**Q** 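Got a structure for you, written out below as structure tokens; questions coming shortly.
Computed from a predicted model, the values in this text were never measured in an experiment. In what follows, chains are A, B, ... by sequence order, proteins preceding strands, each numbered from 1.
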There are 2 protein chains.
Amino acid sequence: MTQTDLDEELHDRAPDAPDAPPEPEPEAHKDSAKDSESLDEDNHLKSDFVRSVKDALHEDDFERVYDLVEPLHPADIADLFELFDERERLGLARAIRDLMSVEVIAELNDWVREALVEALPADVVAEIAEQLDTDDAVAMLEDLDEEDQQAVLAEMEPEDRAAIESALSYPEESAGRLMSRDFVAVPETMTVGDLIDFLREHRELPTEFWEVFIVDPMHRPIGTCALSWILRTPRNIPLYDVMARDQTLIPADMDQEEVALRFQKYALISAAVVDEAGRLIGLITVDDIVHIIQEEASEDILRLSGAGDGDINEPILVTVRTRLAWLVVNLGTAMIASSVVGLFQGAIAKFAILAVLMPIVSGMGGNAGTQTLAVVVRAIATNQLTDSNTVRMILREIRIALTNGFALGALIGTGTWLLFQNPLLGAVIATAMVVNNLTAGLAGILVPVTLDRFRIDPAVSSAVFVTTATDTMGFFSFLGLAVLTGLA
Amino acid sequence: MTQTDLDEELHDRAPDAPDAPPEPEPEAHKDSAKDSESLDEDNHLKSDFVRSVKDALHEDDFERVYDLVEPLHPADIADLFELFDERERLGLARAIRDLMSVEVIAELNDWVREALVEALPADVVAEIAEQLDTDDAVAMLEDLDEEDQQAVLAEMEPEDRAAIESALSYPEESAGRLMSRDFVAVPETMTVGDLIDFLREHRELPTEFWEVFIVDPMHRPIGTCALSWILRTPRNIPLYDVMARDQTLIPADMDQEEVALRFQKYALISAAVVDEAGRLIGLITVDDIVHIIQEEASEDILRLSGAGDGDINEPILVTVRTRLAWLVVNLGTAMIASSVVGLFQGAIAKFAILAVLMPIVSGMGGNAGTQTLAVVVRAIATNQLTDSNTVRMILREIRIALTNGFALGALIGTGTWLLFQNPLLGAVIATAMVVNNLTAGLAGILVPVTLDRFRIDPAVSSAVFVTTATDTMGFFSFLGLAVLTGLA
């Protein structure tokens, strides 16, 4: 890929230079995504289309691959890469040459990009990184190992290199890594007219932005102006009178999940990032946040189920390692629950029906616990469950658990009584069901709330404790009551 | 609440009218959220603060409640409502009078808003609805029952009423309900200067917008202009030369989840909504989408675990009904699995250790199945798993399942052998573990993929099938092998 190709790509959606209005395009093609032959009604790449590209690749017909891929949006080209296996991806990258734009690279899944980037020489990676926005370049470089990263940085222009090194100096997943350094900040003394002239005259300013920051002489933000306010205000009005003074400032070391919550809560389009002295050093835009909201919400479901990052593009060994670690921990807890059953071997040998029914009690407890856990983990993650309503929520879960416990207990108790013609057995399983539902409800809220107090991610560790509680208590209450009541 | 209060609130962040520049505020208070006494470092309302408000409420000291709440951002006032119980909420609404602004109402959780709105007379609700953006007004009214809805609509101005009725005519959770009708659309013949003059002269235009749509004489969108491009371009350049022709058009009946995916995929800030004839009828902005992305991602985790919408503000009876329905279905599947154990009662009576070990095999299968399921459900929801890579992903899951199965089988097999001094028992449980891990991996991907083919939401129904498969196969393989090998 040459510098010029990248450059052309980088500017294809940007407005044209004020002094050189562009030729109008020969024909207006709106919404190319929908018109295209390559996407189905769900906006997926059609499998026929993917197959044709694949076939052309396998026949080494690079011309045809290029022609097929050429009409696609960069986001769809990135999707295409993710649908291929590793060998095909390298072939595709070679075949589509200049279509392999910075937008495509920015859109690629982290794992897919990492594998592609590792296959490229350092000077080519450096060239790509220089064309990307700082935040995208950081995303591309942060996962490389130290040595490769240094090799790439060494090839870069000093200015770009400094920006990336400064971003990398902030903790992973912090605002400092996410922020862009391309923003527009002007002094409060300007009028609307001054600002418009300033924007028209300074070609080096970013082309796409949504708000202008007003800063004091120390470069601390004192207000923001949405561009629509500027466009609707006469030239002679000072910015000081147009700007909103109330703004959300993001400290550079704030965690990206927290940043995402602020964007949601205050419906922000962009926000200023400040250093420790309160000086404006960067800008975060909502389109960078959208991915994080999605990731963080998905993260909870995947962590709760022990699937790690759960990325289907992850190398298989990473996936096996993550999932196996979780399964081994669960094997430990399953053995604890089993040892409870072990205490009652004698009773089971005498009355084997106990073994038939006991998984129902433990399993139903597990299901009820998972319900509560899912609700509580999401409520904690979205700041809906705080110190102020924890007690109310615990009482709520207890009421739910008791209601469901009694309903399920009545159901299974009656069923057991009728099926086995044994009213005592019915009473025992019904009581155990109530006890275990209560255990599930309590564990489902107390475990994640407690972990959160100790600043441990409740999504990662809660399930193990909750399952251990419901399995153990399920077996213990059912088998214990059976022995106590003289059933076996 | 008077019309004027609402009006003041509605405009407190908007720019001031061009012809009447405002008095500068007495003092600039930036980032009020952070400076405030009421928020902790996580941007939660401090529990001390919530308690003071609560105490003041219980003492009927409405003045004090007002003074405490007054410095809060509307989003924080909304949070405060959610932290209170139902009675306190009504008291708070009465105490804070004009602070109960449209922004607060727009930010409230659906359930909390519904309860509050139901407690208000129709004319007050109508007055609030008229001050809200159409999309927020629709969100407020759509959950009311038919009769209340009609009563409110009857009190509204004909124009606002028509806008809301038109929005309500689109299906729930569609783009037509989400879209705002306040957008700026201009003909392609305008120059940049014409547009700026037009915006300055027309007071009725929206105050906050990010892009301008260019339409043809049939009012069909032919391009968009980010405001920053307009600000950076000389007045004499025609819009036709500045606009981007490539745009994503959203059909009004598109499902909101699909809309959210487009916004993410193409990093949109706003997008045009079109009717069947391709005419521009509305605008969706990314800040409306952010909530949906969050909701849709949370929905999957909550549905997978059978917790319905999992909203902690839901009336408790709704929660009980949702969760109980799921638990009853699971009781059915648990009984199916149990009946498999029932087939082997004789073996268990002879050799009770089987009952001790069997929950380990079924439980571990359940865990492995849940891992695969969580990954697959998210991959389907985010369009990462499509026809084109399903086969590759199935093969991937089989490899993972076999690897983990053999690892866990070796572990539990060796442990059992040593603990019970019975190599055959070790071999049986090891083999059952491999078989059940494979079952889990296959069910974990085949069930959701198949449901998705039939257009059934895989998050809702997959878990039941997968758990049934892993429980049944876990018991059957372990107990069956034990009998086959003559262990019992």
Side-chain angles (χ1 to χ4, degrees), chain A residues 15 18 21 28 31 44 47 50 75 83 199 209 227-229 231-234 237 241-242 245 249 264-265 267 286-287 290 293-294 297-298 301-302 305-307 310 312 320 323-324 330 334 338 341-342 345 348-349 352 355-356 360 363 367 370-371 374-375 378-379 386-389 403-404, chain B residues 15 18 21 28 31 44 47 50 75 83 199 209 227-229 231-234 237 241-242 245 249 264-265 267 286-287 290 293-294 297-298 301-302 305-307 310 312 320 323-324 330 334 338 341-342 345 348-349 352 355-356 360 363 367 370-371 374-375 378-379 386-389 403-404:
Chain A
D31 197 18
H44 295 173
S47 52
V50 176
L83 292 175
L199 291 174
F209 53 96
L227 298 189
S228 56
W229 307 348
L231 277 170
R232 302 208 52 196
T233 308
I237 307 287
D241 289 342
V242 187
R245 282 169 189 79
L249 303 178
Q264 278 185 75
K265 181 169 176 180
V286 66
D287 57 320
V290 159
I293 293 170
Q294 151 88 295
S298 291
I301 183 176
L302 295 162
S305 59
I312 62 172
V320 166
R323 294 205 203 164
L324 191 55
N330 274 276
S338 254
V341 181
Q345 276 185 66
I348 290 172
V356 177
I360 299 182
N367 289 331
T370 305
Q371 289 181 330
V375 172
R378 285 310 296 158
T386 72
D387 290 357
S388 308
N389 60 350
T403 314
N404 287 347
Chain B
D31 198 16
H44 295 173
S47 51
V50 177
L83 292 175
L199 292 174
F209 54 94
L227 298 189
S228 57
W229 307 348
L231 278 169
R232 302 207 54 196
T233 307
I237 307 288
D241 288 343
V242 186
R245 283 170 188 78
L249 302 178
Q264 279 184 75
K265 181 168 176 181
V286 67
D287 56 321
V290 159
I293 293 170
Q294 151 88 293
S298 291
I301 183 176
L302 295 161
S305 59
I312 62 172
V320 166
R323 293 205 205 166
L324 190 55
N330 274 274
S338 256
V341 182
Q345 277 183 65
I348 290 171
V356 178
I360 298 182
N367 289 329
T370 305
Q371 289 181 330
V375 171
R378 285 310 297 158
T386 71
D387 291 356
S388 307
N389 60 351
T403 314
N404 286 347

**Q** How far apart are the closest heavy atoms of A/G306 and B/Q371, and which atoms are they?
**A**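 Distance-wise, the nearest heavy atoms are O-NE2, 2.8 Å.
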**Q** Counting heavy-atom pairs under 4.5 Å with chain B, which one of A/G310, A/A307, A/S305 comes out on top?
**A**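 Max contact count across the listed options: A/S305.
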**Q** Ignoring hydrogens and geometry, is there a side-chain-to-backbone donor-acceptor pair from A/S338 to B/V356 under 3.5 Å?
**A** yes
**Q** Once you round to the nearest 0.5 Å, how far does CG of A/L199 lie from CG of B/L231?
**A** 5.5 Å
**Q** Chain A heavy atoms under 4.5 Å from B/A349: which part of the residue, side chain, backbone, both or neither?
**A** both
**Q** Tell me which of these, B/T403, B/I348, B/V320, has more heavy-atom pairs under 4.5 Å with chain A than the rest.
**A** B/V320
**Q** Rounded to the nearest 0.5 Å, what's the gap from CD on A/Q294 to CZ on B/R378? Could you check?
**A** 5.0 Å
**Q** Working to the nearest 0.5 angstrom, can you tell me the gap between A/L83 CG and B/T386 OG1?
**A**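 So the CG of A/L83 and the OG1 of B/T386 are separated by 4.5 Å.
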**Q** Do the non-hydrogen side-chain atoms of A/V290 and B/I293 ever get within less than 4.5 Å of each other?
**A**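 They are in side-chain contact.
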**Q** Among A/L324, A/T370, A/D387, which has the most heavy-atom pairs under 4.5 Å with chain B?
**A** A/L324
**Q** With a 4.5 angstrom heavy-atom cut-off, could you sort out which part of B/R323 is near chain A: side chain, backbone, both or neither?
**A** both
**Q** Counting heavy-atom pairs closer than 4.5 Å to chain B, which one of A/G363, A/A379, A/G342, A/S47 comes out on top?
**A** A/S47
**Q** Please classify the contact between A/V286 and chain B as side chain, backbone, both or neither, with a heavy-atom cut-off of under 4.5 Å.
**A**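 For A/V286, side-chain heavy atoms alone lie under 4.5 Å from chain B.
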**Q** Which one of A/V341, A/I301, A/N367 has the most heavy-atom pairs closer than 4.5 Å to chain B?
**A** A/I301
